[in-house]
Novice: 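Below you will find the structure I want to go over with you.
We use all heavy atoms of the structure for the numbers below, so side chains are in, but hydrogens, waters and symmetry mates are not.
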Amino acid sequence: MTILMTETALDDLADAIATGATVAGLGESTRFAHETFQVRDQLFRRLVRRHGFRALAVQDNASVGTALDAYVTGGAGTAPSALAGAWRPWRTAEMAAALEWIRAFNQDHPDDPVRIFGVKPAQAQPADYDAVMEHARRTAPHRLAELAAHLEPIRTAHETDEHVQRARGLHPGRPFAEHARDALAIVEQLPGDDVLERMRLIVDFHQRSVAGRDNYAGDDPQTWADTIIDHQHRTGRRVAYWDGIAHTSAAPATLGVAPQRGPQPTLGSVLRDHYGTRYVSVAIGFHHGDLGAVTVPEPAHDWLDARLGATDQPAHWLDLRDGGWDGPMKARVISGVYDPSRDAAEHLAVASLPAAFDVLVHLRQVSAVHWLTA
């Protein structure tokens, strides 16, 4: 395990984040770096042990959240098996280790456990495609091939997001939402309605995806935020929210890959409107590194990451609530469609850096996460 910050620095950082926080948004500039994940995980452990945080919200659907929660509260299986249906960026050895730590903590604190939940509503899962196909096989085998022609290509989005397939040149061509709607039309004509709701979930999944909406912003930051707000109000637990900085930012942000859309509301901005300063926004970024599939070069000179990296320290942090930083800023964002040749566009821009982030954590160099094998 590579930790670039000292135990004392991590303790001090966690103390600064926890001060006055009901919800802490722990955002990374990429989901593919081992070191940024480790810093976030170490901060979360301290928020749990030292400051009484007892809930972890993740960007995934309610069903996945339920599976993760079942594991950390003593359910059967392993951390990798609990992650089997999770969003691809969560299926790493680093995330499995985080779940194992939470499970061990809960075993030691059975009356005061950490709970996990997903911020998205329930979504289609691979098992839904299987159920739809089996229903057609039993009730109308002559429609099976036609149905499969629509469902087989689009179920691949549960392994690699459709917009990522497009960026990597893997996409079969026709929009997945169109295939899903055509599949629904077939299922509506089949005898019985056993799987109709499952098929509608499949359509909803593809229509709400980044490719289906043609929008990188969260499909409904208000709905996602309401999930966190409801859980926190209902349980009284202090909540840590894990996501990318484009979602955790406490102010609207403009993505460099879609500048024409201008500033878009974020889940974090909704939480800031609701909680005020009791929502603390943390940005964990980096200067450069090898993420396995891609090598990320040094950032543009006018980006936040370049300014923070000017000290050449392996890792450091600062609290923007202490003052000294102001005005607009661009910060690096590395998504699943990152292309080094257009590195200049791979950022988010905010009108006011202190309005978007309360605390900054900067790592000089990072390496790739470790993917779980199938």
Novice: Using side-chain contact (heavy atoms from CB on, under 4.5 Å) as the criterion, list what pairs up with Gln222, not counting sequence neighbours.
Specialist: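 Once residues adjacent in sequence are excluded, the partners of Gln222 under the side-chain contact (heavy atoms from CB on, under 4.5 Å) criterion are Asp220, Asp226, Val270.
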Novice: Establish, yes or no, whether the cationic atom of Arg364 lies under 6.0 Å from the six-membered ring centre of Phe286 and within 45° of the ring axis.
Specialist: no
Novice: Answer yes or no: is there an ion pair linking Glu35 with Arg40, defined by an N-O contact shorter than 4.0 Å?
Specialist: no
Novice: Are Val187 and Leu151 linked, directly or through intermediate hydrophobic residues, by side-chain heavy-atom contacts shorter than 4.5 Å (ILVMFWY only)?
Specialist: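 As far as the 4.5 Å side-chain criterion goes, Val187 and Leu151 are connected within one cluster.
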Novice: For Ser249, does its backbone N or O pair with a side-chain atom of Thr266 as donor and acceptor, under 3.5 Å?
Specialist: yes
Novice: Can we say Arg49 and Asp11 salt-bridge, meaning some charged N sits less than 4.0 Å from an Asp/Glu carboxylate O?
Specialist: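 Looking at Asp11 together with Arg49, the answer is no, because their closest N to O distance does not fall below 4.0 Å.
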Novice: Before accepting this row, confirm whether a basic side-chain N of the pair Arg103/Glu100 lies closer than 4.0 Å to the acidic partner's carboxylate O.
Specialist: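 Salt bridge absent between Arg103 and Glu100.
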Novice: Between Arg45 and Asp41, does at least one N-O distance fall below 4.0 Å, as a salt bridge requires?
Specialist: yes
Novice: Okay, side chain of Asn106, backbone of Pro113: is any donor-acceptor separation there less than 3.5 Å?
Specialist: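 Looks like no, no N/O pair under 3.5 Å.
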Novice: Does this structure show an ion pair linking Asp60 with Lys120, if we count only N-O contacts that are shorter than 4.0 Å?
Specialist: no
Novice: Can a salt bridge be assigned to the pair Asp305 and Arg332 using a cut-off of 4.0 Å between side-chain N and carboxylate O?
Specialist: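 No.
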Novice: Do any N or O atoms from the side chain of Arg272 and from the backbone of Gly276 form a donor-acceptor pair under 3.5 angstrom?
Specialist: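 Here the side-chain-to-backbone pair exists.
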Novice: With a 3.5 Å distance limit and no angle check, can you tell me whether Thr156 reaches the backbone of Glu152 through a side-chain donor-acceptor pair?
Specialist: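 Side chain of Thr156 to backbone of Glu152: no pair is present.
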Novice: Please determine which of Thr73, Leu56, Leu83 meets the side chain to side chain contact (heavy atoms under 4.5 Å, CB included) test together with Leu68.
Specialist: Leu83
Novice: Is the backbone N or O of Gln125 less than 3.5 Å from a side-chain atom of Asp128, with the two atoms forming a donor-acceptor pair by type?
Specialist: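 Between the backbone of Gln125 and the side chain of Asp128 there is a qualifying donor-acceptor contact (under 3.5 Å).
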Novice: Can you list everything that forms a salt bridge (charged side-chain N to carboxylate O under 4.0 Å, His left out) with Arg307? Sequence neighbours excluded, please.
Specialist: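 With sequence neighbours excluded, Arg307 shows a salt bridge (charged side-chain N to carboxylate O under 4.0 Å, His left out) to no residue whatsoever.
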Novice: Is the shortest side-chain heavy-atom distance between Asp161 and Trp87 below 4.5 Å?
Specialist: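 Of all side-chain heavy-atom pairs linking Trp87 with Asp161, at least one is under 4.5 Å.
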Novice: Given Leu320, which partner from the list Val359, Asp358, Leu353 fulfils the side chain to side chain contact (heavy atoms under 4.5 Å, CB included) test?
Specialist: Leu353
Novice: Between the side chain of His171 and the main-chain N/O of Gly173, is any donor-acceptor distance below 3.5 Å?
Specialist: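 It does hold such a pair.
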